[in-house]
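Here is the naming used below: chain letters follow the sequence lines, and residue numbers restart at 1 for every chain.
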Amino acid sequence: MHERYDPAAVEAQARAHWEAADAFAASEDPSRPKYYCLCMFPYPSGRLHMGHVRNYTIGDVLSRFMRKQGYNVLQPMGWDAFGLPAENAAMANGVPPAKWTYDNIAYMKRQLQSLGFALDWKRELATCQPEYYRWNQWLFLRMLEKGIAYKKTGVVNWDPVDQTVLANEQVIDGRGWRTGAPVEKREIPMYYLRITDYSQDLLDALDTLTDWPERVRTMQANWIGKSEGVRVGFPYELEDEHHTLNVFTTRADTLMGVTFCAVAAEHALATYAARDNDKLAAFIEECKKGTAQEAEMAVMEKKGMPTGLFVLHPLTGQKIPVWVGNYVLMTYGEGAVMGVPAHDERDFEFAKKYGLPIAQVIAEDANVYSTDQWAEWYSTKEGICINSGKYDGLGYQHAIDAIAADLSALGLGHKQVQWRLRDWGISRQRYWGCPIPLIHCPKCGDVPVPDKDLPVVLPEGLVPDGSGNPLGKLASFYECKCPRCGADARRETDTMDTFVDSSWYFMRFACPDNANAMVDERANYWMPVDQYIGGIEHAILHLLYSRFWTRVMNDLGLVKEREPFRRLLTQGMVLNDIYSRKTGEGRIQYFNPADVDVQFDAKGTRLGATLRADGKPVEWEGMRTMSKSKNNGVDPQALVGEYGADSIRLFMMFKAPPEDTLEWSDDGVEGASRFMRKLWRVVYEHVSAGPLASSQPPAASSLTSAQRDLRRAAHATLVKVTDDLGRRRIFNTAIAAVMELMNTLGKFEDTTDQGRTVVRETLELVVQMLSPIVPHATHVLWETLGHTDSLMDRAWPKPDPEALVQDSIQVVVQVNGKLRSHINVAASADETQIRETALADPVVQRWMEGKPAKKVIVVKGKLVNVVV
RNA sequence: GCCGGUAUGGCGGAACUGGUAGACGCGACGGACUCAAAAUCCGUUACUCGAAAGGGUGUGUGGGUUCGAUUCCCUCUACCGGCACCA
């Protein structure tokens, strides 16, 4: 053993051992409980970023810990390899997305390996491989057969200059990112998956996901958005035919307060009214050009225009004007809403703006209604109906019941459940994705590619130029024969949403080598994923799509599981400081924190920062997620080279709890490295002081009190660390506890043989407790301590109950809730004894000032509160 | 805008089930070792009154429940994540 801790040498030694033993390969073993630990697979963007390192460290710590608990652990890794960045890189560098992607994968794989993750690389997969995505295509065809997949038009962002569809992130302030041209909405045919058929199932099953974070379940439930309300039909006549304008409302109790209806720009009624109304037609065009993003819709100015058409109130027969509103969503309900300005804030604003009448129909207690200004209580559900004829005096639910019943009798409405969840549009007008296996035949229509012709292979050499999908220009791809009639036909050139790729990869990891089936029995062995770990940003879409896809596979009899992820951990983001300077031209230049020196005052308060290169000040803009644009990224590889993987792992796990954001700090890494060196040195000094006289632990009765204290500290730490890693899944506190134990050990100066035996026991526990977090160094230290077995496979240690026994414990005493004194009582003391000891304490008596105790609260083993 | 979350010393965080607020680490300050530096080690470090003993205040804001609130409830503020074509 070397005196100095040399991470590069230590890590190479440990890795060589694991590699020789093929230590991370997992195989199905029905005799042991399985544990499938999965981290969200990365997009191969080029280099690992710190978010990846954090994610995979958490997964690795849990995997290694569970392995030591006796589980048969699977921890695989793969690549979410299709997607937009590869096309952007291709445009920037002229390199085909395939080459860029595969190069990135090769580099990032080496990075992952250098961090010592216990990954089974034999199961590696990339979603851009035909062997993988053929099963996307195969399942899509099964969905078509079952009617789960279908075709309808959808709205996309259209760049009129580049003649191409843009992703939301390519639209900046309503303009195309490359051309700067105002983006238009355009309707095109697309394929959709009927996730809405599963709404109730996806919602109900959230209750079974008890090991998911509550907030993720809440977000999913809100996303699915079940709302129970009433469908109301407003009758009207058009060209001598009877029609009804149908709206959905959760506030049918306010039906008598309707003063207008509003329809979406795409609604048939709007189209009809615009035929001989140029102004309206222009307004509708304007609405259609606007954003398709919900977030922008919500903050934009509410605008409307009357259609000149009227519908009849279903209960009163009153004429109600119909407006077109830019805030009405064609995709929710039936693209029309009823306007009750008196009791809906949005309608209120709309009515004020356009001078529409406001009719109060709900009253609450003594509150006075004024049409001058909106007040919170106007939208209350606690009030009663007024100005509503026969419904006057009814409360929210009774009014809805009565009105729904009357509407039903008239055939103009009924109670209805409405969902916010929309079907999943999977068509993307992009090159670097999984081809949708369809052929468009002029005679037969849309014909599925026969299973025997799968996969439809994506040609790999193309380089997109930003003007549409290159597949649409590649005759050798799109020219084909109709599989049904043999006529000349055109292959579909849209590819699938990359969320399809990531909706089932976790099942393929069980059997990545099966060329004949999507999944096999091995998926039933490993599924469900016991622990899934990934960013909170995936809380809704990826997780919901995966839950849906797994259900479809279950319905098709492909897998036994219906819920893919038993337990979920959503890790927080990794942030770093942002430093900038305004340049002469009013632009902002960003500097990497590694190139900046920070100045502190005598108290340690941050005073300012200067750029190391020129010594001049730079502005601190706070902390944000690491990104290229803010130049605040940290390269994991450079750090591994400087400090070793173990120090990086230790820092990441120590700095913050896994679910919180993590603020990067170079000093923190330095601190972690310092701890590693200290651990190394302490073991080195212990071992070089010579072998112990006896390998037997000393009898408890012969221990000195200092020896007993150290043993108790060591075993109490083991109890805490076991609980933190196993039950709480919180690592920073576990590491802090081990650090504390090391501090205690540092103060233990007993060099007798018996004292050194206790030191040895403590060090062995420390090495074992840290082994999931810093596996390389502990692997070598374990050998140094004289062991020949591989630490990775050694069972997790068990605390010695005898070491934990305490004779007396300290109890705090409060007087009137304020901490005043400490008392020592026997560990076996009962409540009465504790109370009497507390009341007899001179400090307590002084604070009681001779007054009698009104009440004495005793919390056993902790606290006494005397109330006078 | 809607949905979800977060807020504790100079900083990251701890306090797990309502029971000693600030564990552990970073930074800062003082000291030891050294020709010197690095490394290492020791000590101090929420604010405040006090020579000390000891006291007071304090967990984003304002209120509430309780013997007792960082923890539970309500209000407000600031920041972060998602909003369906970034992954």
Side-chain angles (χ1 to χ4, degrees), chain A residues 4 40 42-43 45 80 82-85 88 154 156-157 165-171 213-216 218-219 221-223 225 292-300 327 331 346 421-422 424-430 497-499 502 535-542 544-545 570 572-573 575 598 600-606 622 624-625 651 654-657 659-663 665-668 670-672 674-675 677-678 681 720 723-724 727-728 730 732-733 735-740 743 746 810-814 816-819 822 854-857 859 862-867:
Chain A
R4 270 181 61 102
M40 290 181 185
Y43 179 79
S45 56
D80 190 12
F82 276 136
L84 205 51
N88 294 341
V156 294
N157 303 306
V165 174
L166 299 177
N168 283 338
E169 71 158 10
Q170 296 173 318
V171 179
E214 189 60 45
R215 58 170 160 163
V216 175
T218 310
M219 279 193 264
N222 289 338
W223 187 260
Q293 292 179 45
E294 192 199 337
E296 284 181 40
M297 294 274 284
V299 293
M300 74 188 178
Y327 63 95
T331 47
R346 195 174 50 183
L421 184 66
R422 307 201 294 258
W424 176 13
I426 58 155
S427 295
R428 297 289 181 272
Q429 299 69 42
R430 291 188 214 299
D497 179 6
T498 56
F499 274 123
S502 55
I536 183 69
E537 66 274 19
H538 296 289
I540 297 174
L541 293 180
H542 162 61
L544 195 65
Y545 291 148
T570 49
M573 311 253 167
L575 316 181
V598 183
F600 298 94
D601 70 6
K603 278 191 159 181
T605 311
R606 183 196 289 261
R624 288 282 174 80
T625 34
F651 165 74
F654 175 63
K655 183 74 174 175
E659 311 240 1
D660 290 8
T661 54
L662 183 148
E663 297 186 1
S665 109
D666 290 335
D667 290 325
E670 186 64 48
R674 196 174 300 151
F675 178 79
R677 291 197 296 268
K678 177 175 165 179
R681 192 181 61 244
K720 171 158 181 62
D723 188 50
D724 281 352
R727 178 182 64 89
R728 294 215 300 158
I730 292 180
N732 55 330
T733 49
I735 295 166
V738 176
M739 286 175 167
E740 210 174 344
N743 291 342
Q810 197 185 56
V811 170
V812 299
V813 188
Q814 299 178 330
N816 285 335
K818 281 187 191 268
L819 176 65
H822 300 262
K854 259 193 234 161
K855 196 170 178 183
V856 180
I857 290 122
V859 181
K862 287 218 159 154
L863 164 144
V864 179
N865 187 12
V866 183
V867 185

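In this structure, N865(A) reaches the bases: a heavy-atom distance under 4.0 Å links it to at least one base atom across the strands shown. Residue H542(A) is out of contact with every strand shown, counting any heavy-atom pair closer than 4.0 Å. Residue contacts shown for V867(A) are limited to sugar-phosphate atoms, with no base heavy atom under 4.0 Å away. If you check every strand for non-hydrogen atoms under 4.0 Å, A295(A) touches a base. Nucleic acid contact for D724(A): none, since no nucleic acid atom lies under 4.0 Å from a heavy atom of the residue. Counting non-hydrogen atoms under 4.0 angstrom, K818(A) reaches the backbone sugars and phosphates but no base. Residue T733(A) is classed as a sugar-phosphate contact, given heavy-atom separations below 4.0 Å to backbone atoms only.
Separating the CE atom of M573(A) from the P atom of G12(B) is a distance of 19 Å, rounded to the nearest angstrom. The separation between H822(A) atom NE2 and G54(B) atom C1' is 14 Å, rounded to whole Å. Rounding to whole angstrom units, CG of residue N732(A) and P of G13(B) are separated by 9 Å. The distance from atom CE of M219(A) to atom P of G4(B) is 9 Å, rounded to the nearest whole Å. When rounded to the nearest whole Å, the span between CD of Q810(A) and P of G19(B) equals 18 Å. Taking atom CG of L421(A) as the reference point, atom C1' of A84(B) lies 9 Å away to the nearest angstrom. For I540(A) and G82(B), the CD1 to C1' distance is 5 Å, given to the nearest whole Å. When rounded to the nearest whole Å, the span between CG of D660(A) and P of G13(B) equals 6 Å.
For N222(A), no side-chain nitrogen or oxygen approaches OP1 or OP2 of C83(B) to under 4.0 Å. Within the 4.0 Å cut-off from OP1 or OP2 of A38(B), not a single side-chain nitrogen or oxygen of R4(A) is found. A sub-4.0 Å separation between OP1 or OP2 of C80(B) and a side-chain N or O of R624(A) is present. Listed pair R681(A) / A39(B) fails the phosphate criterion, with no side-chain N or O lying under 4.0 Å from OP1 or OP2.
Between G817(A) and N865(A), the shortest heavy-atom contact is N-OD1, 3.0 Å. When all heavy atoms of E663(A) and F651(A) are compared, the pair lying nearest together is O-CZ, 4.2 Å. The two residues M219(A) and A539(A) make their nearest non-hydrogen contact at CE-CB, 3.9 Å. Smallest separation of non-hydrogen atoms from R430(A) and L166(A): NH2-C, 3.9 Å. Contact record, V866(A) with V813(A): CG2-CG1, 4.4 Å, taken as the closest heavy-atom pair.
With both pairing distances under 3.5 Å, A7(B) is matched to U77(B) as a Watson-Crick or G-U wobble pair. Partner assigned to C83(B) is G1(B), using Watson-Crick or G-U wobble distances below 3.5 angstrom. Across the strands present, C47(B) finds its partner in G56(B); the criterion is a Watson-Crick or G-U wobble pair with both atom distances under 3.5 angstrom. Applying the Watson-Crick and G-U wobble criteria (two distances, each under 3.5 Å), G22(B) pairs with nothing in any strand. Base-pair partner of A15(B): not found among the strands shown (Watson-Crick or G-U wobble, both distances under 3.5 Å).
Of the N and O atoms on the side chains of N816(A) and K854(A), not one donor lies less than 3.5 Å from an acceptor on the other residue.
Residues W424(A) and F499(A) are in side-chain contact: their nearest non-hydrogen atoms beyond the backbone lie under 4.5 Å apart. In this structure, D660(A) and K655(A) have side chains that are not in contact, with every pair of non-hydrogen atoms separated by 4.5 Å or more. Here the side chains of E659(A) and R215(A) are in contact, with some heavy-atom distance below 4.5 Å. At a threshold of 4.5 Å between non-hydrogen side-chain atoms, the residues Y43(A) and T498(A) do not count as touching. Between R624(A) and L575(A) the shortest side-chain heavy-atom distance does not fall below 4.5 Å.
Applying the 90° cutoff around 0 to the glycosidic angle, G9(B) is assigned syn.
Paired with Q170(A) under the rule side chain to side chain contact (heavy atoms under 4.5 Å, CB included), one option of V165(A), N157(A), N88(A) passes, and it is N88(A).
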Dump the pairs, protein N or O against N or O of nucleotides 64-66 of chain B, anything under 3.5 Å, distances to one decimal.
none

Show the distances under 3.5 angstrom between N or O atoms of the protein and N or O atoms of nucleotides 85-87 of chain B.
| from | atom 1 | to | atom 2 | distance (Å) |
| --- | --- | --- | --- | --- |
| C85(B) | OP2 | R428(A) | NH2 | 2.6 |
| C85(B) | O4' | R428(A) | NE | 3.2 |
| C85(B) | O3' | N168(A) | N | 3.3 |
| C85(B) | O2' | N168(A) | N | 2.6 |
| C85(B) | O2' | N168(A) | OD1 | 3.3 |
| C85(B) | O2 | R430(A) | NH2 | 2.0 |
| C85(B) | N4 | Q429(A) | OE1 | 2.7 |
| C86(B) | OP2 | N168(A) | N | 3.4 |
| C86(B) | OP2 | E169(A) | N | 2.9 |
| C86(B) | O4' | E169(A) | OE1 | 3.1 |
| A87(B) | OP1 | L84(A) | N | 3.0 |
| A87(B) | O3' | D80(A) | OD2 | 2.6 |

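Ranking A23(B), G25(B), G19(B) by closeness to the Q814(A) side chain, first place goes to G19(B). Across C26(B), A39(B), G1(B), the shortest atom-to-atom separation from the side chain of V299(A) is found for G1(B). Relative to the side chain of E740(A), the nucleotides C41(B), G4(B), A23(B) differ in distance, and A23(B) lies closest. The side chain of D667(A) lies closest to G27(B) when the candidates are C16(B), G27(B), C41(B). Side chain of P657(A), nearest nucleotide from A15(B), G82(B), A14(B): A14(B).
In terms of position along RNA chain B, the nucleotide closest to E663(A) lies nearer the 5' end than the nucleotide closest to the other residue of the pair E294(A) and E663(A). Taking the nucleotide of RNA chain B with the nearest heavy atom to each of L819(A) and L662(A), the more 5' of the two is matched to L662(A).
Nucleotides G60(B) and U75(B) place their C1' atoms 14 Å apart, quoted to the nearest Å. On the C1' atoms, G82(B) is 44 Å away from U48(B), given to the nearest whole Å. With P as the reference atom, C41(B) and G25(B) are 11 Å apart, rounded to whole Å. Taking atom P in both G64(B) and A78(B), one finds a spacing of 24 Å when rounded to whole Å. To the nearest whole angstrom, the two C1' atoms, one in A37(B) and one in C86(B), are 50 Å apart.
For the pair N732(A) (side chain) and A656(A) (backbone), a donor-acceptor distance under 3.5 Å is absent.
Contact of R727(A) with C16(B) (side chain to base): a donor-acceptor pair of N or O atoms is detected under 3.5 Å.
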